[in-house]
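FYI, side chains are in, hydrogens and waters are out, and symmetry mates aren't considered; it's all heavy atoms of this structure.
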Amino acid sequence: MNIAAVLVTGCLALSVAGSGVATLVRQPKIIDTVAAVGFPAQHVWMLGVVKLVAAAGLACGLLWWPVSVAAALGLVVYFVAAIGMHLRARRRDVAAPAVFLALSAASLVLMAGVGQ
């Protein structure tokens, strides 16, 4: 496994885990953003769980690459949907999900390359 794959995937796992915890503890900024894009408030906990499961998948995937590929692919879909919800709500603050999307895509490409 190459260094870039480990660094990008490790950074993504830590970042997504932090975001997942912040979502589960209902950090006001996250709750405000989720409400502003029209996501149901009673289901916010699911977003935190998805992020934590993805972070665990990325971390486990450092030992067995197919798990990281699956987790990174799931995060790409998640953050594309997040950006879509922002744009649908006519919000221009897509920087955070765009950065997560870029990291997820980079991790996906790097980890998929490990398997070849």
Side-chain angles (χ1 to χ4, degrees):
M1 187 170 305
N2 66 40
I3 294 171
V6 172
L7 288 176
V8 170
T9 302
C11 286
L12 179 60
L14 291 173
S15 300
V16 170
S19 179
V21 169
T23 303
L24 287 176
V25 299
R26 303 183 63 85
Q27 182 183 34
K29 184 175 180 181
I30 291 176
I31 299 304
D32 292 345
T33 301
V34 168
V37 299
F39 193 83
Q42 68 271 22
H43 298 302
V44 170
W45 65 271
M46 288 184 209
L47 300 176
V49 169
V50 167
K51 291 176 189 177
L52 288 176
V53 168
L58 290 168
C60 291
L62 292 173
L63 300 175
W64 191 48
W65 67 270
V67 178
S68 276
V69 170
L73 180 59
L75 285 173
V76 166
V77 171
Y78 178 94
F79 289 114
V80 165
I83 291 170
M85 290 200 64
H86 277 74
L87 296 176
R88 188 185 71 179
R90 300 189 190 280
R91 294 180 57 94
R92 303 275 185 234
D93 59 341
V94 295
V99 168
F100 276 113
L101 175 59
L103 278 172
S104 300
S107 177
L108 176 59
V109 168
L110 289 168
M111 292 306 290
V114 166
Q116 294 185 5

*Asks:* Would Thr33 and His86 satisfy side-chain contact (heavy atoms from CB on, under 4.5 Å), going step by step from the backbone distance to the final call?
*Replies:* CA-CA 9 Å; Thr33 301; His86 277 74; 3.6 Å; yes
*Asks:* List for me each residue that meets side-chain hydrogen bond (donor to acceptor under 3.5 Å, both in side chains) alongside Asp93, sequence neighbours excluded, and say none if there are none.
*Replies:*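 Result, side-chain hydrogen bond (donor to acceptor under 3.5 Å, both in side chains) vs Asp93: Arg91.
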*Asks:* What about Val94 and Leu103, same hydrophobic cluster or not, with Ile/Leu/Val/Met/Phe/Trp/Tyr joined at side-chain heavy-atom distances under 4.5 Å?
*Replies:*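 The answer is yes; both residues are in one hydrophobic cluster.
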*Asks:* Could you pull out all residues at least two apart from Ser19 that satisfy side-chain hydrogen bond (donor to acceptor under 3.5 Å, both in side chains)?
*Replies:*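 For Ser19, the residues satisfying side-chain hydrogen bond (donor to acceptor under 3.5 Å, both in side chains) (neighbours in sequence not counted) are Lys51.
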*Asks:* For Tyr78, what residues pass the ring pair (Phe, Tyr, Trp, His ring centres under 6.0 Å) criterion, not counting sequence neighbours?
*Replies:* none
*Asks:* Going from CG on Leu73 to CG on Leu108, what distance comes out if it is rounded to the nearest 0.5 angstrom?
*Replies:*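 Answer for the CG-CG pair, Leu73 versus Leu108, is 5.5 Å.
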*Asks:* What closest approach, in Å, do Leu101 and Ile83 show between heavy atoms, and which atom pair accounts for it?
*Replies:*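 Reported closest heavy-atom pair: CD2-CD1, 3.7 Å.
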*Asks:* Decide yes or no on side-chain contact (heavy atoms from CB on, under 4.5 Å) for Leu58 and Leu62, but give the supporting numbers first.
*Replies:* CA-CA 7 Å; Leu58 290 168; Leu62 292 173; over 6 Å; no
*Asks:* Taking Phe100 as the starting point, is it possible to reach Val80 by hopping between hydrophobic residues whose side chains are less than 4.5 Å apart?
*Replies:*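 Val80 clusters together with Phe100.
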*Asks:* For Leu63, what are the other residues in its hydrophobic cluster, where any two members join if their side-chain heavy atoms are less than 4.5 angstrom apart?
*Replies:*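 None; Leu63 is a cluster of one.
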*Asks:* Between Ala82 and Pro97, which heavy-atom pair has the shortest distance, and what is it?
*Replies:*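 Answer, listing the atom of Ala82 first, then Pro97: CB-CB, 4.2 Å.
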*Asks:* For Thr23 and Gly48, which heavy atoms make the closest approach, and how far apart are they?
*Replies:*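 Smallest interatomic distance, heavy atoms only, reads CG2-N, 3.6 Å.
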*Asks:* Do you know which two heavy atoms are closest between Ala36 and Ala89, and how far apart they sit?
*Replies:* O-CB, 3.7 Å
*Asks:* Sequence neighbours left out, cut at 3.5 Å: what donor-acceptor pairs do the side chains of residues 37-47 make with other protein atoms?
*Replies:*
{"unit_1": "Trp45", "atom_1": "NE1", "unit_2": "Gln42", "atom_2": "O", "d": "3.3"}

*Asks:* Quick one, Val114 and Leu110 - any side-chain contact, counting heavy atoms below 4.5 Å?
*Replies:* no
*Asks:* Which is it for Leu24 and Leu52 under the side-chain contact (heavy atoms from CB on, under 4.5 Å) test, yes or no, and what are the steps along the way?
*Replies:* CA-CA 10 Å; Leu24 287 176; Leu52 288 176; 3.3 Å; yes
*Asks:* Could you grab the distance from atom CG of Asn2 to atom CG of Leu7, nearest 0.5 Å is fine?
*Replies:* 9.0 Å
*Asks:* Assigning hydrophobic clusters by single linkage (Ile, Leu, Val, Met, Phe, Trp, Tyr; side-chain heavy-atom cutoff under 4.5 Å), is Met111 placed with Val77?
*Replies:* no
*Asks:* Without placing hydrogens or testing angles, list every side-chain donor-acceptor pair under 3.5 Å for residues 9-17, not counting sequence neighbours.
*Replies:*
{"unit_1": "Thr9", "atom_1": "OG1", "unit_2": "Ala5", "atom_2": "O", "d": "2.8"}
{"unit_1": "Thr9", "atom_1": "OG1", "unit_2": "Ser107", "atom_2": "OG", "d": "2.8"}
{"unit_1": "Ser15", "atom_1": "OG", "unit_2": "Cys11", "atom_2": "O", "d": "2.9"}

*Asks:* Identify the two heavy atoms, one from Ala106 and one from Val8, that lie closest to each other, and give their separation to 0.1 Å.
*Replies:*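 Heavy atoms of Ala106 and Val8 come nearest at CB-CG1, 4.0 Å.
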*Asks:* Using the rule that two of Ile, Leu, Val, Met, Phe, Trp, Tyr join whenever any of their side-chain heavy atoms come within less than 4.5 Å, decide whether Val50 and Phe79 are in one cluster.
*Replies:*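 Both belong to a single hydrophobic cluster.
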